[in-house]
Amino acid sequence: MRYTLKQLKYIDVAARQKSITGAAKSLNISPSSISSAIDAIEEQSQKKIFSRLPSKGISITQFGHGFLSNARQLLKAHVTFEEAVDEQAKAINGAIRLGCFTPAAPILLPLITKSVADNHPGISIHLTEGDTVKNMRQVIDNEIDLVIGANTNLDASISFISLFTAPPHIVLPHDHPLANQSSLSLKDVSNDPMVLLDLDQTREYMFGLFSQDNLTPKVAYSSQTSEMVRSMVAAGMGFSVFNLRPLQKQQYTVGDIVRIPMTSGYQAVEYGILHRTDAYLSSVDQVVIETCIRLRESGAFNMATLPEGKNGPIL
């Protein structure tokens, strides 16, 4: 049988309206167009779809019920097909070069990239890590498109979209005498050895926190990775200070740590998205930015920080 989707649609509307005139009015076409569609199918099938009832419209025949059941399945499948094609046409595909401040990368990037992948599987993300100066230079030189980093000493050509603020907190061995305190100041631990996250901007920031209390930290150990610093603290080698924490509890070879909020007044770090002010933001760039903003609005970044004030120790 030869037919068109338009003919099937006309017949379906006529059946629902129980009237050729009503179907024509509903579709804003002439009644003859409806009649022609019905006549064409009935001529090919040699069976009547409708019985014409003078002054009463039309009624569906037994054959017509079966025909309409199959026709409606086909029409529904066609609508589903068109919707799928439209969605595919609207899908955003492409690549983005996304940088991140090294200590924050294993905490923030999995959260961001998974959310992008779940909603836009056609986007590929090329990740890089580095310190603030390196990341900013790569953005300026157009070597990366966006950076997740801190609002610190930014070049005038860089725009910043705030995502969250991360107050500092103190990290202690779980069996430290102060491990059960609800909050601590740097004066409370100033006589203890410190394990320092030894990156240029991090070191400058940490020393700045101590200078707020007119103190100088007793740096006994240092490392350029957050994982090593936390492991050293867990082993009882000293305390440290962080702004971010892993979203899940970490396991250590020796010992464990507790995180204790710092008393109010210490300088926090504001994290966000960095990009060149004059950069053209592609649709892929916009997706990543909008994803980060959506995560911000939903509070997804909250678990990466420890609020200042008296909240008590957290493992």
Side-chain angles (χ1 to χ4, degrees), residues 98-115 129 131-132 135 146-154 160-172 174 178-186 188-189 194-197 199 201-210 212 225-231 233-234 239-250 252 256-274 288-289 291-315:
L98 180 62
C100 190
F101 181 46
T102 300
I107 298 173
L108 302 180
L109 289 186
L111 182 66
I112 295 169
T113 55
K114 184 179 188 307
S115 184
E129 301 174 33
D131 60 28
T132 301
N135 287 335
L146 303 176
V147 165
I148 307 299
N151 186 10
T152 304
N153 300 323
L154 297 183
F160 181 82
I161 303 171
S162 180
L163 294 178
F164 64 96
T165 299
H169 61 268
I170 291 175
V171 181
L172 295 174
H174 75 285
L178 298 176
N180 292 320
Q181 296 297 306
S182 59
S183 64
L184 291 171
S185 71
L186 290 177
D188 297 321
V189 294
M194 182 180 186
V195 185
L196 177 68
L197 180 58
L199 301 171
Q201 291 71 37
T202 304
R203 180 173 57 251
E204 180 181 345
Y205 169 72
M206 295 297 175
F207 281 28
L209 294 178
F210 279 89
Q212 289 184 231
T225 69
S226 301
E227 292 79 2
M228 180 59 72
V229 172
R230 290 194 296 266
S231 295
V233 173
F239 77 95
S240 193
V241 176
F242 282 96
N243 296 86
L244 299 178
R245 58 171 174 155
L247 300 182
Q248 295 184 346
K249 180 72 177 71
Q250 305 293 292
Y252 302 98
D256 205 348
I257 64 172
V258 294
R259 301 174 183 274
I260 300 180
M262 290 176 64
T263 53
S264 301
Y266 291 100
Q267 181 184 357
V269 174
E270 184 182 19
Y271 278 90
I273 304 167
L274 286 66
V288 174
I289 291 173
T291 297
C292 290
I293 292 174
R294 186 172 65 252
L295 290 170
R296 178 191 69 189
E297 298 303 317
S298 70
F301 295 120
N302 292 346
M303 286 299 295
T305 67
L306 202 65
E308 63 183 1
K310 297 184 178 181
N311 298 89
I314 296 178
L315 291 174

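By convention here, the first residue in the shown sequence is residue 1.
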Nearest-0.5 Å distance that lies between atom [atom1] in [X] and atom [atom2] in [Y]:
X      : Y      : atom1 : atom2 : value
Ile148 : Glu129 : CD1   : CD    : 12.5 Å
Asn151 : Leu163 : CG    : CG    : 11.0 Å
Met262 : Ser185 : CE    : OG    : 7.5 Å
Thr225 : Arg230 : OG1   : CZ    : 8.5 Å
Ile161 : Arg296 : CD1   : CZ    : 8.5 Å
Leu295 : Ser115 : CG    : OG    : 4.5 Å

Check whether any side-chain heavy atom of [X] lies under 4.5 Å from a side-chain heavy atom of [Y], and answer yes or no.
X      : Y      : value
Leu146 : Val288 : yes
Asn135 : Leu274 : no
Leu197 : Tyr205 : no
Leu186 : Met194 : no
Leu172 : Leu184 : yes
Val229 : Val171 : no

For Phe301, the ring pair (Phe, Tyr, Trp, His ring centres under 6.0 Å) test, sequence neighbours excluded, returns Phe164

With no hydrogens and no angle check, is any side-chain donor or acceptor of [X] less than 3.5 Å from a backbone partner on [Y]?
X      : Y      : result
Ser183 : Thr263 : no
His174 : Val258 : no
Tyr252 : Val233 : no
Gln201 : Ala150 : no
Ser231 : Glu227 : yes

Considering all heavy atoms of both residues, which atom of [X] and which atom of [Y] are nearest to each other, and what is their separation?
X      : Y      : result
Leu98  : Val147 : CD1-N, 4.4 Å
Arg245 : Ile107 : O-CG2, 3.5 Å
Leu244 : Ala166 : CD2-CB, 4.0 Å
Pro168 : Val241 : CB-CG1, 3.9 Å
Ala304 : Leu247 : N-CD2, 3.6 Å
Ile260 : Leu178 : CD1-O, 3.3 Å

More than 12 heavy atoms of other residues, nucleotides or ligands under 6.0 Å from CD of Glu297: is that the case?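 For Glu297, atom CD is crowded (more than 12 foreign heavy atoms under 6.0 Å).
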
Are there over 12 heavy-atom neighbours, none belonging to Glu204, within less than 6.0 Å of that residue's CD?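 Not buried by this count: 12 neighbours or fewer within 6.0 Å.
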
Going by atom types only, do Asn243 and Tyr271 share a side-chain donor-acceptor pair under 3.5 Å? no

Checking Leu196 against Met206 for the side chain to side chain contact (heavy atoms under 4.5 Å, CB included) test, could you report, in this order, the C-alpha distance in whole Å, the side-chain angles of both residues, the deciding distance, and whether it holds? CA-CA 8 Å; Leu196 177 68; Met206 295 297 175; 4.0 Å; yes

Please name all residues satisfying side chain to side chain donor-acceptor pair (under 3.5 Å) with Asp131, sequence neighbours left out, ordered by chain then number. none

